[in-house]
Asker: 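Please read through the structure below; I'll follow up with questions.
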Amino acid sequence: MLAGGIGRIFHWSLVAGFLVAYVSGDEWDNLHIQVGYVVAGLIAFRLLWGLVGPRYARFSDFVYRPSRVLSYLRDTIAFRARRYLGHNPAGGAMVVALLAMIAVICGTGYLMTTDAFWGVEWVEEAHEVAVNATLVLIAAHIAGVLVASWEHSENLVRAMITGRKRSR
């Protein structure tokens with residue numbers, strides 16, 4: 001139960017951190033930078049947790065070949081996708097995509113605070129593109145959660161809050 005609690009705390013902390021960083025981006029530089037460091041720490045933690053954490057948190061449990069992800073998406077469209085207790089193949093791909101994109105945001109954000117890259121246009125543009133791409137991924141993630149909840153007749157949002165998901 002503790003391990004699942006850590007996963008949920010990570011998830012909702014990342015949601016809050018991204019939201020605060022997004023809202024503070026143009027107005028409150030100091031808050032934006034500090035929250036960026038917190039988010040970077042969360043990403044580093046999740047990468048480690050993905051290697052040594054419990055079964056359903058490990059990348060080895062939910063990172064699949066692209067062909068398997070595409071097959072799962074086809075099955076979802078046909079409303080016959082297999083149900084998973086952990087992340088399904090599409091959810092696993094989304095975890096990897098979001099972690100990678102948020103890492104790019106953190107990296108470019110950090111570069112913008114250094115003397116070497118302060119005011120460098122391509123770094124600022126890369127940061128902004130990564131933020132916008134992450135917003136698209138977040139929308140797709142939410143849509144995927146809603147579709148999977150509907151397809152499998154379970155509330156995945158509630159499961160991410162309570163830590164309880166039916167076992168069958």
Side-chain angles (χ1 to χ4, degrees), residues 2-70 72-73 84 86-146 148 156-157 159-161 163:
L2 174 63
I6 291 170
R8 290 190 309 280
I9 290 168
F10 162 79
H11 180 268
W12 296 112
S13 295
L14 186 60
V15 169
F18 184 87
L19 182 62
V20 169
Y22 184 79
V23 169
S24 66
D26 292 328
E27 301 298 323
W28 302 293
D29 285 343
N30 210 21
L31 174 63
H32 184 77
I33 291 167
Q34 295 305 313
V35 171
Y37 284 120
V38 170
V39 168
L42 287 168
I43 296 300
F45 166 79
R46 184 60 182 94
L47 293 174
L48 180 63
W49 194 242
L51 297 174
V52 300
R55 175 183 176 191
Y56 296 124
R58 290 188 186 201
F59 297 123
S60 61
D61 186 68
F62 63 80
V63 174
Y64 298 93
R65 296 181 317 275
S67 60
R68 180 110 180 248
V69 174
L70 291 173
Y72 179 84
L73 290 172
Y84 289 75
H87 295 91
N88 63 48
M94 184 58 72
V95 168
V96 172
L98 283 167
L99 289 174
M101 198 55 59
I102 294 171
V104 168
I105 294 168
C106 292
T108 55
Y110 172 74
L111 288 177
M112 291 183 342
T113 68
T114 65
D115 290 338
F117 292 97
W118 178 264
V120 175
E121 191 171 330
W122 75 263
V123 178
E124 292 177 10
E125 287 177 7
H127 188 72
E128 189 171 326
V129 166
V131 169
N132 290 328
T134 301
L135 291 172
V136 170
L137 289 173
I138 290 168
H141 173 55
I142 292 169
V145 166
L146 294 174
L156 293 178
V157 175
M160 274 304 298
I161 293 169

Asker: Taking all atoms of both residues into account, what is the closest heavy-atom pair of C106 and G36, and its distance?
Answerer: SG-O, 3.9 Å
Asker: Looking at every non-hydrogen atom in both residues, tell me the closest pair between I105 and A130 and how far apart they are.
Answerer: CG1-CB, 3.5 Å
Asker: Do I138 and T134 have side chains that get closer than 4.5 Å, going by heavy atoms?
Answerer: yes
Asker: For Y72, enumerate each residue passing the side chain to side chain donor-acceptor pair (under 3.5 Å) test, keeping only those at least two apart in sequence or located in another chain.
Answerer: N88
Asker: Is it the case that over 12 heavy atoms from other parts of the model lie below 6.0 angstrom from the OH atom of Y64?
Answerer: yes
Asker: Between CG of L42 and OG of S13, what distance do you get to the nearest 0.5 Å?
Answerer: 5.5 Å
Asker: Grab the two heavy atoms, one from G92 and one from H87, that are nearest each other, plus how far apart they are.
Answerer: N-CB, 4.0 Å
Asker: Output the distance between atom CG (L135) and atom CE (M101), rounded to the nearest 0.5 Å.
Answerer: 11.0 Å
Asker: Looking at every heavy atom in both L111 and F117, which two are closest together, and how far apart are they?
Answerer: O-CB, 3.1 Å
Asker: So how far is it from L156 CG to I142 CD1, rounded to the nearest 0.5 Å?
Answerer: 13.0 Å
Asker: Answer yes or no: is there a side-chain heavy-atom contact under 4.5 Å between P54 and W49?
Answerer: yes
Asker: Scan residues 39-66 for pairs that pass salt bridge (charged side-chain N to carboxylate O under 4.0 Å, His left out), counting only residues two or more places apart or in two chains.
Answerer: R55-D61
Asker: Evaluate side chain to side chain contact (heavy atoms under 4.5 Å, CB included) for V69 paired with L73, printing each intermediate quantity in order.
Answerer: CA-CA 6 Å; V69 174; L73 290 172; 4.2 Å; yes
Asker: Check side chain to side chain contact (heavy atoms under 4.5 Å, CB included) between L51 and all other residues, then give those that pass, not counting sequence neighbours.
Answerer: F59
Asker: Calculate, to the nearest 0.5 Å, the distance between atoms CG and NE2 belonging to L146 and H141 respectively.
Answerer: 9.5 Å
Asker: On the 0 to 90° scale, with breaks at 30° and 60°, tag the F10-F45 ring pair as parallel, tilted or perpendicular.
Answerer: tilted
Asker: Can you confirm whether W12 is buried at CH2, in the sense that more than 12 heavy atoms of other residues, nucleotides or ligands lie under 6.0 Å from that atom?
Answerer: yes
Asker: What heavy-atom pair brings L31 and S24 nearest, and what distance separates the two atoms?
Answerer: CD2-CB, 3.9 Å
Asker: With I102, which of I43, L137, V131 fulfils side-chain contact (heavy atoms from CB on, under 4.5 Å)?
Answerer: I43
Asker: Using the salt bridge (charged side-chain N to carboxylate O under 4.0 Å, His left out) rule, collect all pairs that involve residues 116-139, keeping only residues at least two apart or in two chains.
Answerer: none
Asker: Considering residues at least two apart in sequence or located in another chain, which fulfil the side chain to side chain contact (heavy atoms under 4.5 Å, CB included) criterion with D29?
Answerer: none
Asker: Output all residues satisfying side chain to side chain donor-acceptor pair (under 3.5 Å) with H127, sequence neighbours left out; order by chain, then residue number.
Answerer: T108
Asker: Within the 4.5 Å heavy-atom criterion, are L98 and F18 side-chain neighbours or not?
Answerer: no
